[in-house]
Each structure stands twice: as C-alpha cells, then as structure tokens.
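Just so it is clear, the model here is predicted, and its values are computed rather than measured.
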Amino acid sequence: MTEPHQPSPSREAILLVGGKGTRLRPLTVNTPKPMVPAAGVPFLTHQLARARAAGIEHIVLATSYLAEVFEPYFGDGSALGLHLEYVTEVEPLGTGGAIRNVAHRLHSGPDDPVLIFNGDILTGLDIRGLITAHGAAGADVSLHLTRVEDPRAYGLVPTDPDGRVTAFLEKPQTPEEIVTDQINAGAYVFNRSVIDTIPAGRPVSVERETFPGLLADGAHLHGMVDSTYWLDLGTPQAFVRGSADLVLGRAPSPAVPGRHGERLVLDSAEVAADAKLMGGTVIGAGARVGAGARIDGSTVLDGAVVEPGARIRDSLVGAGARIGARTVLDGAVVGDGAVVGADNELRAGARVWCGAELPAGSVRFSSDQ
C-alpha cells in the first residue's frame, strides 16, 4: 500500500478569504468577495491558478463569511492540480489570527517557508521570486512591497539598502511622515516557526501586531519590491477594472477562459450582431445583450439581460439582473436580480440593491452634473 502524497513543505500556502467584502456590496450580499466572477470565473480561481503555476501544491483556505460556498465549487483542488483544505473561523480573528488558526493543516517543518496571500489582491507578483528572495536573505518573514503614488491610505514599509525592513508606519498623513512610497502589498512568506508564535484563539493583526512585534524582537523581515501589476479589489470600481484588465491581458492569469482581447463572451450568452463590446467587457453565461447596446469595460454576470440601446461603461450588472432599453450605466453597480427600467441614467458610483426595481425613467442625470 502506497503512502498518500505529501506536498513538498516549501510548496505550501495559506490563502486568506474570510473578509465580508462590505465595501463591495451589493456584489457580496449573496457571494463572498473571492467568489465574485472576474474575467468569467470566480476571482479566487485566478489566484489559485497563479499559485499553482509558481509551484505551490498545497493551499489551506482560511474562510469565514459565507464559508460554505468555497468547497462545493473547488472541492479538493485536483481540477487545478492542487490539494486544497478549508478551515472556517467561528469568530473573526484578523489576518494574524486567521493564519494561526489554520497552521495545524500545514505539513511544513519549523524552517520551511509558507506563502501567505490575501483573497482580494490582483497582482502580477513573481511568487517564485518572493520565495527565492526569502531564502536568499535568510529572513524570518518576507513581504511583497509595491510602490504607489499616494501612500496615505496604506501602511508604509521602509527598507534599508539590503531590503531589510526598518519600520511599519500606519497610514501617514503629513509630508514628513511619508518617508517612502513602498507599501505592504498583501503577500508574505513566513517561516513556519514564526506562524507558531502568533497567539492562538484571539484576533491578531499581522500589520499592527505581528510585524511590529517581530521587528521589535530583532527578527529579520525582508521586503521585496515588485512593481508589476497590483490592484486592491476592495471597491466595485476596482473589481470591475481588475476583471477588464484580466480580459485585456494587462493583469496576468492562466485561468482566463479565452483569449485576451476587447471582450470575453461566455458559452450560451447571446449578443446581438450590432452590439458593441469593448474595453475588456465580460458577458456571462446565459446573458443576453440586445441590438445596438454598447458595453465598455464592464461585467455582465450570468443570466443578466441588457436591452436594446443600453449604454454601459465601467459598471457591473449582477446575475439575473435586467437593464432596460436606452438606460445608461456609468460607474454603477446593479445587484443580482435587480431590474432597472428603460431610460434611466445611473452614474458615479450609483448602486442598485439585489432584487430592487427602478421604474422606467425614474432616475436621470442632467448633462451638466
């Protein structure tokens, strides 16, 4: 009798997918954020596929919100060439607490590296490069860092000339506090022994507690700056943009179900011959797009209907929703099953809740607004 396959200890990862996705509502009313479709498949599929392409074999998913939907979809991970396991938090534990809560499912020894990444970041990070840099530096923890133009909304992570992290600075506001444009990009490599030092059974933030504590104790934290594609998908506008960038090929993923280009139309969708789809637009399975409709950089989820002459830009139309004839959506989100009647105009972050109905012509913006 052969022994069951055990993944190589250096090929393990923890994926944090427990967030409620509050800022993404109504997209996340019925679906956890990592399962919202991006470029035709749940966003999580892209992350899992990229991890597998980098040589990761075993991934433990730290779930919480709507935890019951992950395993029925991905199963044991064999379809992706992975071994997946699932651990659900009963009470929210924060990033550090979630990592500690799943550690018992790892096979790694104390000195083995474990990749940890977040379920809401779309990135072109060189995962192999981060793991290699971690080993070469002899670090206890390595962080993926990226550079941003305006770092005030993020935690700054300055490093010395050798890449060693020197401080963690939370959301600076004054020019004097902005000592670097490097921010924590949400992917890490931990030595397994470091994971085991995180307190168990209580909320812990790696950003505010674990990392500063390790630094104060003299641990070696290494920062690898990788300024390839990076996008936090925390808002509906960012999520729609990320999906479009995947379709256009600006963001890398081996999981896009089709060729890169201006449009991705899934099987069983119906698109009128004179409808115009561009900018990385996705039309979901069973969706219908009527004559003369124009859809730019947007996502139309499964079973939705876009009636003739509608104009949709940088927007998301939820599963089973209906957009009336000649209606304009620009930077809007329409929840699952909602109905927006004909001749409406929704712009600038407007959100229509799941199942809501807007009568024809009830919402309009004047041309000077």
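- Note on R202 versus E209: salt bridge recorded, some NZ/NE/NH1/NH2 to OD/OE distance being below 4.0 Å.
- Judged purely by distance below 3.5 Å, without hydrogens or angles, the side chains of S298 and S315 never pair a donor atom with an acceptor atom.
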Take Q182 and T159, measure what side chain to side chain donor-acceptor pair (under 3.5 Å) needs, and give me the verdict at the end. CA-CA 9 Å; Q182 296 174 181; T159 52; 3.3 Å; yes

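- Other residues, nucleotides and ligands place no more than 12 heavy atoms under 6.0 Å from the CD atom of E91.
- H83 and H107 have parallel rings, their planes meeting at less than 30° on a 0 to 90° scale where 60° marks the start of perpendicular.
- Between the side chain of D296 and the main chain of R313, no donor-acceptor pair closer than 3.5 Å is present.
- At most 12 non-hydrogen atoms from other residues, nucleotides or ligands lie less than 6.0 angstrom from CZ of R288.
- Minimum heavy-atom separation, D120 to Q47: N-NE2, 4.2 Å.
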Working note: V189 + I116, criterion side-chain contact (heavy atoms from CB on, under 4.5 Å); need CA distance, chi angles, decisive distance, verdict. CA-CA 6 Å; V189 177; I116 298 170; over 6 Å; no

Test side-chain contact (heavy atoms from CB on, under 4.5 Å) on I14 and L115 and set out the steps. CA-CA 6 Å; I14 295 170; L115 174 71; over 6 Å; no

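- S362 and N344 share a side-chain donor-acceptor pair at under 3.5 Å.
- Between the side chains of H222 and S142, no donor-acceptor pair of N or O atoms lies under 3.5 Å.
- Between Y188 and F211, the two ring planes are perpendicular [angle over 60°; tilted spans 30° to 60°].
- In this structure, D112 does not pair ionically with R192, as no charged nitrogen and carboxylate oxygen lie closer than 4.0 Å.
- The two atoms that bring L145 and G223 nearest to each other are CD1-CA, 3.8 Å, heavy atoms only.
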